[in-house]
Amino acid sequence: MARLSRQQYAPGDHPDWEPPASSVGVLGWLRANLFSSWFNSALTFLGLYIIYLVVVPLLDWAILRADWSGDSREACSSGGACWVFVRIRFEQFMYGLYPSSEYWRINLVAGLMVATMAWLTVPRIPYKRYGVVFALFFFPVITAQLIGGGNFGLSEVETTRWGGLTLTLILAAAGIVAAFPLGILLALGRRSQMPIVRAFSVAYIELWRGVPLITVLFMSSVMLPLFLPEGVNFDKLLRALIGITLFQAAYIAEVVRGGLQAIPQGQYEAADALGLSYWKKMGLVILPQALKMVIPGIVNTFNELFKDTTLVLIIGLLDLLAIIQAALEDPKWLGYSIEGYLFAATVFWIFCFGMSRYSLAIERRLHTGHRR
Amino acid sequence: MSDNPDDKAPAPTLFWRDPRKRGWLVQAFVLAAVVGLFAFIFDNTLHNLEKRGISTGFGFLQNEAGFGILQTLIDYDETHTFGRTFLVGLLNTLLVSAIGIVIATVLGLVIGVARLSGNWIISRLAGVYIEIFRNIPLLLQILFWYFAMLPLLPHPRQSLAFWESVFLNKRGLYLPGPVTESGFGWVLAALAVAILGVLLLWRWARRRQDGTGRTFPVFWTSAAMLVGLPLLAFGLAGMPLSWDYPALKGFNFRGGITVIPELVALALALAIYTAAYIAEIVRSGIQSVSHGQTEAAYALGLKPGTTLRLVIIPQAMRVIIPQLTSQYLNLTKNSSLAPAIGYPDLVAVFAGTTLNQTGQAVEIIGITMGVYLTISLTISAFMNWYNRRVALVER
């Protein structure tokens, strides 16, 4: 070292020395991120210990010692997880009490849904505008016809037999599709110059946002029948959907309002200067920009709604969680609640995590100079 | 007025071309539609109630309830009125919310800070926690803790014991209960005096610093006052406090404070779920303070601890507090999932049992919604006040 440091170099001739071995590569990374100080090292060991405490028993129970095959609880003898229970009930968890000869109808809708979602979410597929129209107007009708049946030679299936993941998806999708237009109207109402319209919009939004969804569901299941004239009656599913829609619209309204507020005043004034009417101004100039900006917010609201659909369990609809809860009470399979809940949790997690990642990705992609 | 016939007034604007008049027309129409809708609903409801023989009005609140409740914070039994039932439910809701909020805040703070840690493993672990618990429905988590995890706890005889005074088993959590004796009032009085003293000390220290620039160790002095004065009073009054320890008698524990398993499961689930959100809020709040602020503080010669306390945290709080408040509000609203596991909160005992017994859906759901609405409007009024107070004053 001493010899090197004494050596004289002409300016610019100094050779590049390798960085010290302890600051590059795996070793350097470990030193910088895990062992930079004694405190950091202690944290590293604490973290490793937590992982050891949680992951090892979980893996052992859920995979290594688990039972997968068989068709009764006698097959579960190893002391690990009993996935046989989930496997046997899998169809019920997915399709509810739907007649098994008609499963193809749900599968068809699921395929259509995946295709529509791909159309809407994959940036490279063109004609998004038609995709939105299809998703908002045609897709719900097709779904209702296919799953409900009754027309075109399809046998009718009452809503009481709808259930499982199918029902969860129906509730979430129908909730968002129906709440979206109402939410936009409310957001426009809240930003309106007309005092009465504004007052009603504010009152509506604050009222629904101030109460828990469960009271709204109670209301729609016990009070809605009282509100309607005699003889008019909706079935339980539709009543729950009405409650969810009214509730969700308030949340969408607030998200859309955020977008409307973020549009520079100049855009409004420019549209006015062109002589556009209110609806043309909103429909052609303001909303296209505002809605694009709030897509991540809407995806997040949808994520919350998706999780909240589980609340229909309390008013007696058989969504994914409710049907698992019911299966756990089957005397033949008592004691496998952890497996059941873990399965439900995994399914919900995949959907919700996927959505939140998508929302993050689109936020980054749409970050195109709106920030002032 | 000119008599010149050429000087005609402009043709009057058509009624529907005048935006102001059109606006009033639209509003009159909206008003009529909303009033009409309410009249329609009101009329139908009255008719339907009459037909089903359901009485109306709030008289039922005076009637005898005739059912017991699992957990009551105030005196209650079957002979009390439905009005009392409402109060019991409301207090239970507030209790579980308060417990949940305290645990969620501590847990969320720890995990949020861990997420920002320079240690890769700790930061990833915090990230995994957040992503797992935020993306699973709360109801599922409540059911999981109550129906899947609770049965794994031991029977009363093999209870998990902590320091021989806290016991946990299938039937609930047993804590030692404080028993105050005469003279305990002095301790409370000492505490009040200490709080007052600390407030005065803060004012004095700030004045002195503003005037002379000399600082005073406010934190340690306040801590000493807050702990020392009550302790001194406690000693002088002859230690007027004893603990009632739970003890195993027969098949169950007696004495102390019994926390029912429903409360444990609900508070735990609410706290774990909300902590994931709070952690994200804490992280984004701290990250929202630009690094230039830290560098500027160091350039002024502030120490790292002082920088954190005087520069980073006050600015992060501006971002954190409003979101934190709305999470507290969410937690309170989410506590309404209690009926799923039978915890006797407002929704379970009032919108559930009372509704089933009286059938007066409109009044009961109305009151229940009104309670939650009042809570959220109060909190959002506070939030607006706070936002105005801390808003950046921009030039």
Side-chain angles (χ1 to χ4, degrees), chain A residues 29 32-34 36 39-40 43-44 46-48 50-51 189 193-197 200 206-207 209-216 218-219 222-223 225-230 278 303 306-311 313-314 321 325 328 335 337-338 340-342 344-345 348-353 355-356, chain B residues 19 23-24 26-28 30-31 34 40-41 44-45 47-49 51-52 54 114 117-122 124-125 131-132 134-141 143-144 147-149 151-152 329 332-337 339-340 347 351-352 355 361-362 365 368-369 372-377 380:
Chain A
W29 184 88
N33 291 301
L34 298 181
S36 60
F39 181 66
N40 210 346
L43 281 181
T44 302
L46 177 72
L48 288 175
I50 293 176
I51 294 175
Q193 307 283 335
M194 301 185 236
I196 295 179
V197 174
F200 278 135
E206 294 304 326
L207 174 74
R209 274 164 44 94
V211 297
L213 179 57
I214 186 70
T215 57
V216 177
F218 266 136
M219 189 193 88
V222 294
M223 274 163 82
L226 293 176
F227 288 165
L228 296 169
E230 255 188 292
Y278 178 80
N303 206 339
F306 188 76
K307 285 187 287 174
D308 279 348
T309 54
T310 50
L311 266 60
L313 175 149
I314 296 180
L321 182 57
Q325 180 79 359
L328 294 177
S337 46
I338 302 182
Y341 290 131
L342 273 188
F348 277 108
W349 188 83
I350 290 171
F351 276 95
C352 294
F353 185 70
M355 271 188 278
S356 73
Chain B
W24 286 112
V26 170
Q27 295 193 68
V30 169
L31 188 65
V34 172
F40 175 71
I41 288 176
N44 284 331
T45 310
H47 180 76
N48 283 326
L49 288 179
K51 226 186 101 235
R52 298 179 194 190
I54 301 173
S117 160
N119 186 301
W120 188 82
I121 289 186
I122 292 291
R124 282 304 146 113
L125 274 180
E131 291 302 349
I132 287 183
R134 215 171 43 157
N135 287 314
I136 294 175
L138 175 61
L139 182 59
L140 175 50
Q141 296 190 31
L143 295 180
F144 178 78
F147 288 113
M149 285 292 124
L152 297 184
L329 195 56
T332 310
K333 285 194 284 177
N334 282 335
S335 72
S336 63
L337 295 180
V347 172
L355 175 59
V362 180
I365 301 277
T368 313
M369 284 181 146
Y372 285 105
L373 201 58
T374 314
I375 297 176
S376 36
L377 290 184
S380 56

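Note that this is a predicted model, so its numbers are computed, not measured. Chain letters run A, B, ... following the sequence lines, proteins first, then strands; residues in each count from 1.
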Backbone N/O of I136(B) and side chain of Q141(B): donor-acceptor pair under 3.5 Å: yes
Pair F200(A)-L31(B), side-chain contact (heavy atoms from CB on, under 4.5 Å): steps then yes or no: CA-CA 9 Å; F200(A) 278 135; L31(B) 188 65; 3.7 Å; yes
Region of L207(A) in contact with chain B, defined by heavy-atom distances below 4.5 Å: both
For chain B, the option from P225(A), G340(A), P195(A) that forms the most heavy-atom pairs under 4.5 Å: P195(A)
Part of L152(B) lying under 4.5 Å from any heavy atom of chain A: side chain
Student check: side-chain heavy atoms of I314(A) and L337(B) closer than 4.5 Å: yes
Which atoms of Q193(A) approach chain B - backbone, side chain, both or neither, heavy atom under 4.5 Å: neither
Heavy-atom contact with chain A under 4.5 Å, split by part of S336(B): both
Heavy atoms of other groups near W24(B) CH2, more than 12 under 6.0 Å: no
Interface moiety of V362(B) toward chain A, non-hydrogen atoms closer than 4.5 Å: both
Pairs of heavy atoms under 4.5 Å with chain B: top-ranked of G47(A), S337(A), P212(A): P212(A)
Contact class of S117(B) relative to chain A, heavy atoms under 4.5 angstrom: side chain
Heavy-atom closest pair, residues T310(A) and L139(B): O-CD2, 3.2 Å
Residue part contacting chain B, namely of L313(A), when any heavy atom lies under 4.5 Å: side chain
Shortest non-hydrogen contact from V222(A) toward A361(B): CG2-CB, 4.0 Å
Minimum heavy-atom distance M219(A)-I365(B), with the two atoms named: CB-CG2, 3.9 Å
Under 4.5 Å from any heavy atom of chain B - which part of I338(A): both
Pairs of heavy atoms under 4.5 Å with chain A: top-ranked of S376(B), P137(B), S335(B): P137(B)
Region of S356(A) that comes under 4.5 Å of a non-hydrogen atom in chain B: side chain
Proximity breakdown for D308(A) and chain B, heavy-atom pairs closer than 4.5 Å: neither
Ring pair (Phe, Tyr, Trp, His ring centres under 6.0 Å) involving F306(A) - partner list, sequence neighbours excluded: F348(A), F351(A)
Between Q325(A) and Y341(A), a side-chain donor and acceptor under 3.5 Å: yes
Region of I375(B) that comes under 4.5 Å of a non-hydrogen atom in chain A: neither
Heavy-atom contact with chain A under 4.5 Å, split by part of I122(B): side chain
Residue pair Y372(B) / V347(B), side-chain heavy-atom distance below 4.5 Å: yes
N/O donor-acceptor pair under 3.5 Å between K333(B) side chain and I214(A) backbone: no
Region of L311(A) in contact with chain B, defined by heavy-atom distances below 4.5 Å: both
Structural part of L125(B) lying under 4.5 Å from a heavy atom of chain A: side chain
